[in-house]
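The structure appears below as structure tokens.
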Amino acid sequence: MKFQGKKILIGISGSIAAYKIILLVRALVKEGAEVKIVMTKAAADFVSPLTLSTLSKNQVVTELFSDAAWSNHVMMGRWADVMLVAPLSCNTLAKMASGLCDNMLMATYLSATCPVCVAPAMDEDMWHHPTTKQNLNKLESFGNAIIPVGKGELASGLHGEGRMAEPEQIMEFIYNRYFGEKDLAGKKVLITAGPTYESIDPVRFIGNHSSGKMGIAIADEMSRRGAEVTLVLGPSSHKPREASVKVLAVRSAEEMYQACVGRFEGVDIAVMSAAVADYTPEEVSEEKIKKKEGNLTLTLKKTKDILKSLGGLKKPSQVLVGFALETTNERAYAQEKLVSKNCDLIVLNSLNDSGAGFGHDTNKITIFAKNGAEWTYEQKSKQQVAVDIVDRIVNIQ
Ligand code: CTP
């Protein structure tokens, strides 16, 4: 029984997809899970608390106070191994994003100390509304996981994106993310992320727009799957969510190189996702450069190519993954980098795809493998893209 002894807390909000939760509860209990349920009043219009309490063998909670007794929302979140909010309606999503606490489900969510995942359910136009995207991004930034929606017939009769994932898909997601086999257990991983800053003088530098979010998402995903992760991170305002990721903060391409090259021998997998400067000022002025008449010319020298250096050191047992960010001839350039830098995989993100690359919360990638295989993916959140990349890495291990 896959879920034997696992404690799952389900928060149900008001959506027609709530009927699917009956099947989900039944399947979870069959697989050995203990299930507790908290639901909004709107959810109780779609599905009966009596049905759910019968199937879960636990009392279903809808109110903060009932029969003059206070329901202990704090203990529910502490009891659970995972809290799932499904279906996640637009209204509950907005409340979760802004921390509004006007019902039992919200009080439970806000006090939950366990990991939280959500399965959104909405009509296509609501799903594509910018507020929905913004709110989901906020939830991801809190560390909540989003179970991808499906495409198909919607309650409105329209066809499109926004259908809640099916109960089997929800179970698979929860199992893989929280209880699954740690497929990277025992593996040591080195990851670079973020930009580098190349100093011109004490106050100025040459940098780029990389946020570091993609590499950080990969570090989190690999750590969740059991790897021992060292993240060499250029200047970035973001940081990993997984406390076990060891972060080495660096600033320049040279510092990043020094942090990586000595560590590479001891790792099983290296993923170089940083946007490393290719050039750095030949001389760094000790004093602030003063403005003068006419132009200023800076002479730049080449930095060391970290990925290429690791490619030269790579043993057959090691897996090396590079990134390519291109604006023209994307495939050809990416494939060229795969060979010239001796990588096993190269992840291409094209600046021609809207929603991909620097600064975005989403990315659209194609992965090329040394053996000629390639995989193209839809635009997804960087967290979901990280899962796709790590799945590919695991499969060549
Ligand atoms: N890279 C690196 N060290 C550098 C430059 C790049 O490790 N000094 C790595 C990046 O982390 C990425 C890959 O090389 O994994 C490709 O980076 P990219 O900037 O796309 O390519 P470059 O080799 O720098 O070539 P170009 O800028 O001409 O496209």
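All values below were derived from every heavy atom in this structure, side-chain atoms included, with hydrogens, water molecules and symmetry-related copies excluded. It should be emphasised that the depicted structure is a prediction, and the values quoted were computed from it without experimental measurement. As the structure lists them, so they are numbered: ligands from 1, and atoms in each ligand from 1.
- Counting the atoms of ligand 1 from 1 in the order shown, those under 4.0 Å from a heavy atom of Lys304 are 3 (N), 4 (C), 8 (N).
- Side-chain atoms of Arg251 and Ser199 include a donor-acceptor pair closer than 3.5 Å.
- Between the side chain of Asp220 and the backbone N or O of Arg241 there is at least one donor-acceptor pair closer than 3.5 Å.
- Using a 4.0 Å cut-off between a side-chain N of Lys or Arg and a carboxylate O of Asp or Glu, Lys290 and Glu287 do not qualify as a salt bridge.
- In this structure, the side chain of Asn349 does not engage the main chain of Ile365 through any donor-acceptor pair within 3.5 Å.
- Classification of Asp81 and Lys7 as a salt-bridged pair fails, no side-chain N sitting under 4.0 Å from a carboxylate O.
- Using a non-hydrogen distance threshold of 4.0 Å, Lys341 registers as a contact of ligand 1.
- Between Lys337 and Glu326 there is a salt bridge, since at least one side-chain N of the basic residue sits less than 4.0 Å from a carboxylate O of the acidic one.
- Contact between Lys308 and ligand 1 is absent, with no heavy atom of the residue lying under 4.0 Å from the ligand.
- Backbone and side-chain nitrogen or oxygen atoms of Phe323 are examined, and one is located within less than 3.5 angstrom of a nitrogen or oxygen of ligand 1.
- On a distance-only criterion, Met272 and ligand 1 share at least one N/O pair closer than 3.5 Å.
- Here's the thing with Ala274: one of its N/O atoms is less than 3.5 angstrom from an N/O atom of ligand 1.
- Nearest non-hydrogen protein atom to atom 1 (N) of ligand 1 is Asp305 OD1, 3.8 Å.
- Using a 4.0 Å threshold on non-hydrogen atoms, atom 20 (O) of ligand 1 counts as touching the protein.
- The CG atom of Leu233 lies 14.0 Å from the NZ atom of Lys246; values are rounded to the nearest 0.5 Å.
- Between the side chains of Glu282 and Thr299, no donor-acceptor pair of N or O atoms lies under 3.5 Å.
- Between Phe3 and Tyr175, the ring-plane angle classifies as perpendicular under the 30° and 60° cut-offs.
- Closest to atom 5 (C) of ligand 1 by heavy atom, among Asp278, Leu320, Asn208, Leu325, is Asp278.
- At most 12 non-hydrogen atoms from other residues, nucleotides or ligands lie less than 6.0 angstrom from NZ of Lys188.
- Remark: minimum distance from atom 4 (C) of ligand 1 to any protein heavy atom is reached at Val276 CB, 3.5 Å.
- Summary of contacts: the protein heavy atom closest to atom 18 (P) of ligand 1 is Lys337 NZ, 3.5 Å.
- Close approach of ligand 1 to Gly322 is summarised as follows: ligand atoms under 4.0 Å from at least one heavy atom of the residue are 15 (O).
- When only non-hydrogen protein atoms are considered, atom 3 (N) of ligand 1 lies nearest to Ile306 N, 2.9 Å.
- For ligand 1, the polar-atom distance check against Thr192 finds no nitrogen or oxygen pair separated by under 3.5 Å.
- Remark: atom 28 (O) of ligand 1 lies closer than 4.0 Å to no protein heavy atom.
- Of the options Thr328, Val347, Leu307, the smallest heavy-atom separation from atom 9 (C) of ligand 1 is shown by Leu307.
- Taking a cutoff of 4.0 Å between a charged side-chain nitrogen and a carboxylate oxygen, Lys288 and Asp201 do not qualify as a salt bridge.
- At a heavy-atom cutoff of 4.0 Å, ligand 1 is contacted by the side chain of Thr303 but not by its backbone.
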